[in-house]
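Working notes for the structure below.
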Protein chains: 2
Amino acid sequence: MVQVIEKQTGAAFKLQKGQKLKVIDPQGEQVSDMVLFNAEDPREKISSGKTLDFEESILITKGDWLWSNRSNKMMKILEDTNGRNDFLLAPCSPETFKIMYNNPDYHPSCFENLYTNLKPFGIEPDDVPTAFNIFMNVQFDEKGKLSVDPPLSKAGDYVLFEAEMDLIVALTACSAEDSNNGSFKPIHYEILD
Amino acid sequence: MVQVIEKQTGAAFKLQKGQKLKVIDPQGEQVSDMVLFNAEDPREKISSGKTLDFEESILITKGDWLWSNRSNKMMKILEDTNGRNDFLLAPCSPETFKIMYNNPDYHPSCFENLYTNLKPFGIEPDDVPTAFNIFMNVQFDEKGKLSVDPPLSKAGDYVLFEAEMDLIVALTACSAEDSNNGSFKPIHYEILD
């Protein structure tokens with residue numbers, strides 16, 4: 001059954017080893033930040049540094065694994081119809097909008113939407129790692145300069161993951177203007193056995 | 001006074017706000033992995049995701065700041081005579097040598113050298129984040145493919161940092177063959193007021 005994450009919100013849930021998670025961009029040009037924790041011991045969690053190291057690539061897609069800080073496989077990417085994801089940048093946070101958008105007022109953020117949804121699992125804000133940013137289109141040039149461009153995803157694009165261990169998963173429908181071309185949208189997901 | 005980190009070992013120490021830290025490659029072609037924690041509350045620590053986001057670059061050097069998971073500045077880079085550092089890859093760990101070097105035997109690692117030196121500060125292995133890898137030469141192509149090449153640093157190259165808050169700092173002399181062209185060497189450092 002397809003679950004809906006409304007615009008600028010998030011969700012967290014358990015996923016058992018062997019189950020599949022399909023994350024869908026229903027309208028196109030939207031980003032979903034995803035973090036993973038070992039359901040048995042949440043001090044084990046997704047690691048960008050370990051994933052980029054073991055997969056020997058900045059761009060993580062079909063055929064790659066998402067690795068933990070303890071060097072274990074957490075998920076395999078089985079399908080990726082869009083093919084562009086980011087694993088460099090931290091989830092947008094209140095400070096992102098203050099520092100990068102010059103917006104001193106309250107603004108919803110992926111960071112807030114991750115930690116509030118993870119709270120029932122005993123996970124604190126400081127425990128939220130750099131997320132795997134599904135559909136996020138971060139371009140880099142040969143000098144390493146980064147730019148956040150509109151996602152390349154079209155309506156219906158999805159990424160299909162398979163859990164390699166029992167997991168706590170948190171997902172967002174991204175709250176940052178630059179990440180979704182200024183148009184906030186929902187994200188859909190489906191758990192498949 | 002110059003402190004010596006012998007080959008394949010590490011060190012950890014406190015650095016007060018306003019103090020400067022000079023990390024020196026005394027012989028050339030050696031890497032030092034550095035992690036930072038807020039001395040008042042070690043749950044605040046260096047974040048690659050926040051740093052790459054706020055500095056809008058993969059390559060972090062002179063004029064940039066190192067940022068924390070709470071979006072605070074931890075250090076400013078005042079000087080960088082070599083200019084190439086890495087902030088993508090996790091510290092080499094026992095699993096690095098098993099998975100990437102096909103070496104099932106014990107091997108010293110930056111991860112072990114970081115967590116053993118950080119233990120007196122109450123910091124556990126799971127708390128060690130992706131390090132700022134001083135002098136590490138990780139090349140990337142336009143498709144994001146990563147390769148760990150010999151460091152470009154020459155004997156005497158250094159990076160000078162200034163602490164933006166009271167810090168716990170851990171440093172290594174890297175234990176991985178690929179990071180230092182197969183020749184393990186020491187790292188020197190100096191704390192300047």
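So you know, we letter chains A, B, ... as the sequences are listed, proteins then strands, and number each from 1.
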Axial cation check for B/F184 ring with B/K7, 6.0 Å and 45° limits: no
Largest heavy-atom contact set with chain B, pairs under 4.5 Å, which of A/R70, A/E142, A/E124, A/Q139: A/R70
Main-chain N/O of B/H188 paired to B/Y158 side chain as donor or acceptor, under 3.5 Å: no
Proximal component of A/T130, with respect to chain B [non-hydrogen, under 4.5 Å]: side chain
Aromatic ring pairing B/F140/A/F140, orientation class (parallel under 30°, perpendicular over 60°, tilted between): perpendicular
Chain A contact via B/P94 - side chain, backbone, both or neither, heavy atoms under 4.5 Å: neither
Residue of the set A/N137, A/D80, A/D64 for which side chain to side chain donor-acceptor pair (under 3.5 Å) holds with A/N85: A/D80
Residue B/K143 versus chain A: region with a heavy atom under 4.5 Å: backbone
A/K98 portion near chain B, given a 4.5 angstrom heavy-atom threshold: neither
A/I134 vs A/F161 side-chain heavy atoms within contact, under 4.5 Å: yes
Interface residue of largest heavy-atom contact number with chain A, from B/P129, B/S47, B/S147, B/S93, under 4.5 Å: B/S93
Portion of A/L52 that has a non-hydrogen atom of chain B nearer than 4.5 angstrom: both
Which portion of A/N72 sits near chain B, non-hydrogen atoms under 4.5 angstrom: neither
Residue pair B/Q19 / B/D193, side-chain donor-acceptor N/O under 3.5 Å: yes
Pairs of heavy atoms under 4.5 Å with chain A: top-ranked of B/K145, B/E95, B/R43: B/R43
Among the listed options B/D53, B/L88, B/D126, B/T96, the residue most often paired with chain A at heavy-atom distances under 4.5 Å: B/D126
A/W65 and A/W67 aromatic ring geometry - parallel, tilted or perpendicular at 30°/60° bounds: perpendicular
